[in-house]
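Working notes, structure below.
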Amino acid sequence: MAKTSKSRKNSRREFFARSTALAAGGLSLTGGIQTSRHPAVQRIIIDTDPGVDDALAIFLALRSPELKVEAITAVSGNVPLDLTLPNALRLVEIAGRADVPVAAGASTPLVRRLVSAHDFHGDNGLAGVEFPSPKIRPAAESAGELIRRIVRGNPGEISIVAVGPLTNIAAVVRADPGISPMIRRIILMGGSFSGGNITPSAEFNMYVDPEAAQVVLGAGIPLTMVGLDVTRKVLLREEQIRSLEAGRNAASQAAARIMRRTLDRSRKTKQGTAIAMHDPLTVAYLIDPGILSLKDYFVAVETSGEITAGETVGYSQPPIRKSAPLANSSTGAEEALFRPNAKVAVDVRPEHFFRLFLERVAGSV
Ligand SMILES: [Ca+2]
């Protein structure tokens, strides 16, 4: 008995030592080459709309020693806030991390009615898998208050991982414009340069709140955009679900149940036989930047299109030209100064993602 406990403790220590060394040295898990140095632990806030792939992203973050999750803020998106908030609380509780504060954010987009995605995420947002009601309570502060307090208390230290519609982040930037230079960076899941997943033009998070996306893209905060161009190439299948089922921890078991049900639904509704790893890919990139290749773009989001709202358009070089003015318009076809506002993921190594993801979520950490 004592021996088992000791060896488990040792393997846990070795795991953390190895992971911390990797992070401290900027050593890529995938390449094995020391490239650059960055702080051993990255402090993050996760803004999320759980959401089946949000669940995986949260588990991955909470089980990775390179990341310190300072807070989780819920937003309406895949399902309304009255589901995403308790789901976030449930996920934190399942992962055994009741120490992480969870706060309620916006229940509606900035100026639009909420369009949710129950058809994919199930009635409860977790593929219809029933987990017990959470015992922990949401933070007394709102998402906006919590984000502002943490960022202002640690200027330049906190990165935001935004894996839902950008409503909460836009509201923070609008209410407190001076906060932008204090945010280390935003890594967002959203957008696409290769067609959408809710309309032919728009990716879901951008579609739900394009006005919020416009605020965030224009805020001058260092941005990394992880969009459908890469996330739809990282597909979870039967094989990975079996690995999660074999994982001997509550998070892996919960992830397995959620993804098993999601895959079954997807097959039945003929939406496909694999599940794109949108949100967890964003978190995985923070842990191992070698998983993605990035390219500088000026990214703009369509807000006025009747058919195309939420479409992201990437300019890789000047000029930044808009549509031709209407004949009765008083404005000309002005060109804006070309200055990239985002690093956009253009290529991905799916096998590296799954190695990291399964090691962390299904592993015995
Ligand atoms: Ca999400």
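Predicted model only: the values in this text are computed from it and were never measured. Indexing begins at 1, ligand by ligand and atom by atom, following the structure's order. Residues take their numbers from the sequence shown, with the count starting at 1.
With no hydrogens or angles considered, no side-chain donor-acceptor pair links T273 and R267 at under 3.5 Å. Between the side chains of S243 and E245, no donor N or O sits under 3.5 Å from an acceptor N or O. Using a 3.5 Å distance cut-off with no hydrogens or angles, the side chains of N87 and N124 do not pair a donor with an acceptor. For the residue pair D49/T84, the side-chain donor-acceptor check at 3.5 Å is not satisfied.
D279 contributes OD2 as its N, O or S atom closest to the Ca ion (ligand 1). With respect to the Ca ion (ligand 1), D49 has OD1 as its nearest N, O or S atom.
Angle O (V163) to the Ca ion (ligand 1) to OD2 (D54): 90°, rounded to 10°.
In summary, D53 places no N/O/S atom under 3.0 Å from the Ca ion (ligand 1), failing the contact criterion.
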